[in-house]
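Each remark here refers to the structure printed beneath this line.
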There are 2 protein chains.
Amino acid sequence: MRLFRRDGYDRTTMRAIAAEAGVSVGNAYYYFGSKEHLIQAFYDRMQDEHADAAADVLERETAFDARLRGVLEVWLDVAAPSHEFAGQFFKNAADPRSPLSPFSAESAPARAASTGLYARVVEGTDLKLAPNVRRELPELLWLLQMGVVLFWVYDDSPEQLRSRELVTRIVPVVDRIVRMSRLPLVRGLVDDVLGLVAALRG
Amino acid sequence: MRLFRRDGYDRTTMRAIAAEAGVSVGNAYYYFGSKEHLIQAFYDRMQDEHADAAADVLERETAFDARLRGVLEVWLDVAAPSHEFAGQFFKNAADPRSPLSPFSAESAPARAASTGLYARVVEGTDLKLAPNVRRELPELLWLLQMGVVLFWVYDDSPEQLRSRELVTRIVPVVDRIVRMSRLPLVRGLVDDVLGLVAALRG
DNA sequence: CAATCTCCTTGAACGTGTTCAAAAATGGGA
DNA sequence: TCCCATTTTTGAACACGTTCAAGGAGATTG
């Protein structure tokens, strides 16, 4: 991770990693199937840090919008030091066949942990929701986070301020949509969307 | 392109491409800066094919939902033969720094052509829209297409039938949202979203 | 103690994308 | 026809990720 952050993913060679770790190149491959697999550790650690920081937010906030904004902002905090590196990492994760893809079978545990986090975002609030909305909302919020991550990866503004702005502006919109979801006019629409999500899952 | 389709992106070597073309490896690099750059030709051709096929649809259909569905379905038609290959290609396009990224400066002309296509989807219809919605809708529909592409890339169902289902089910939802956008209740929400998009563009 | 087995470690070797100095072809003027 | 500048072409060489046969280290068994 030290070398990745210092030199970037592409410029860090397996030979350099092995030398830094004091082992041979072949030995690195005995413990990690490929260079990509080395990233999984990084990915997991970031997820853990996020879960910790998010727990603080969820203890502090009770309103749905504050909880959601807090959890998303805390992701930006945790990810900030790795922005440059993560851009290159994302390239590999975007390969549909890669185990690092957020939709892969290998990522299922991480995905479950993340949707669990958003389940807690929803749980502790005063939101009145239809049962089907309550069931699907955590996964939709996870998708929202994926969107934020995607935006953040492409964000070349100083200190990723645009990503900050995205979060602060999109959270009220989400909040309003969720609260409107029980209105007669909107309800049919929401049911359609939920049906669509359920049908295309997996 | 013949080799890419037959053997996939990774398994097609620059040496094989050069041999097939009857030139040396170095000569291939005289005309194409890298293996990635070879894809740009493929990308451009697919876009042209899509524009042609979409023009037929737009001549035939007049209702907004039919036009949108037709244009999206025609994209699936054009892309279908390259599904396996395009998955690997997408990995490279997902690199934020790659000129192949759909958000890169190099892709600006292609992006403009695509949003222009969706401007025509909107134009020829009976939709009554607020000015700001009419202005932003083409770009939002292009984003919708990017979403469909993303889904399609990850779609491993036979003949990408799930992607077909996504299109047939999401188009009515979009149609309803667009038509609802003038309702007093929804209008404020729509304005927020459009403001967000405008603020974060570029 | 010896024999054997499993786990761990090594570094040379392979195939890859890419580079580059050198050679070849081209084309226009003297 | 010859010369020279430019464009084009070549293939060996480089650095990289990855593989693998070979051997070493430790534990277990007879």
Side-chain angles (χ1 to χ4, degrees), chain A residues 1-45 82 84-102 104-107 153, chain B residues 1-45 82 84-102 104-107 153:
Chain A
M1 288 310 134
R2 191 160 60 242
L3 297 184
F4 277 150
R5 277 208 232 252
R6 198 188 63 195
D7 302 329
Y9 180 73
D10 286 335
R11 276 196 304 279
T12 302
T13 70
M14 289 300 287
R15 285 163 181 82
I17 292 169
E20 182 87 357
V23 299
S24 69
V25 184
N27 193 233
Y29 279 91
Y30 184 78
Y31 289 100
F32 298 90
S34 72
K35 194 179 175 186
E36 281 193 16
H37 280 78
L38 283 167
I39 305 185
Q40 193 74 47
F42 174 82
Y43 191 86
D44 292 345
R45 185 183 309 177
S82 321
E84 199 172 352
F85 162 59
Q88 302 185 26
F89 151 70
F90 178 76
K91 168 184 171 179
N92 296 68
D95 184 351
R97 281 202 262 278
S98 166
L100 295 175
S101 153
S104 74
E106 283 89 341
S107 297
V153 164
Chain B
M1 287 312 133
R2 190 161 60 244
L3 296 184
F4 277 149
R5 278 208 232 254
R6 197 188 63 196
D7 303 328
Y9 181 73
D10 285 336
R11 276 197 305 280
T12 301
T13 70
M14 288 300 286
R15 285 162 181 80
I17 292 169
E20 183 88 357
V23 298
S24 69
V25 185
N27 194 234
Y29 279 91
Y30 184 77
Y31 289 100
F32 298 91
S34 73
K35 194 180 177 186
E36 279 192 18
H37 281 79
L38 282 167
I39 306 184
Q40 192 73 46
F42 174 81
Y43 190 87
D44 293 345
R45 186 183 308 176
S82 322
E84 199 170 352
F85 161 59
Q88 302 186 25
F89 151 69
F90 178 76
K91 167 184 171 180
N92 297 67
D95 184 351
R97 281 201 263 278
S98 166
L100 295 175
S101 153
S104 73
E106 283 88 342
S107 296
V153 163

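Lettering follows sequence order; numbering is per chain, from 1.
- For the atom pair A/R11 CZ and A/L3 CG, the distance stands at 12.0 Å (nearest 0.5 Å).
- Here A/Y30 does not reach the OP1 or OP2 of C/dT9: none of its side-chain N or O atoms lies under 4.0 Å away.
- Atom OH of B/Y9 is separated from atom P of C/dT16 by 14 Å (rounded to the nearest Å).
- Distances from the side chain of B/K35 to the nucleotides C/dG17, D/dT18, D/dT10 place C/dG17 closest.
- Between B/Y9 and B/F85, the ring-plane angle classifies as tilted under the 30° and 60° cut-offs.
- Between the side chain of B/R15 and the base of C/dG17, a donor-acceptor pair under 3.5 Å is found.
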Could you walk me through whether A/F32 and A/M14 satisfy the side chain to side chain contact (heavy atoms under 4.5 Å, CB included) test, starting with their C-alpha distance in whole Å, then the side-chain angles of each, then the deciding distance to 0.1 Å, before giving a yes or no? CA-CA 11 Å; A/F32 298 90; A/M14 289 300 287; 5.9 Å; no

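- Atom pair B/I39:CD1 and C/dG17:C1' shows a separation of 13 Å (rounding to whole Å applied).
- Each of A/G26 and A/T13 was assigned the nucleotide of DNA chain D with the nearest heavy atom; the assignment lying further toward the 5' end belongs to A/T13.
- The shortest distance between side-chain heavy atoms of B/Y29 and B/V25 falls below 4.5 Å.
- Nucleotide C/dT19 holds its C1' atom 12 Å from the CE atom of B/M14, rounded to whole Å.
- Closest contact between the side chain of B/N27 and the listed nucleotides D/dT10, C/dT18, D/dG17 involves D/dT10.
- Map B/S24 and A/T12 each onto its nearest nucleotide of DNA chain D; the residue landing nearer the 5' end is B/S24.
- Atom NE2 of A/H37 is separated from atom P of D/dT19 by 11 Å (rounded to the nearest Å).
- Per the geometry, OH belonging to B/Y31 stands 21 Å off P belonging to C/dG17, to the nearest Å.
- Distance OH (A/Y29) to C1' (C/dC14): 13 Å, rounded to an integer number of Å.
- Counting non-hydrogen atoms under 4.0 angstrom, A/V23 reaches the backbone sugars and phosphates but no base.
- Screening A/R15, A/R2, A/R6 for a salt bridge (Lys or Arg N to Asp or Glu O under 4.0 Å) with A/E20, the sole residue that qualifies is A/R2.
- In this structure, B/R11 places its CZ atom 17 Å from C1' of C/dG17, rounding to the nearest Å.
- We find that CD of B/E36 is positioned 12 Å from P of C/dG17, with the value rounded to whole Å.
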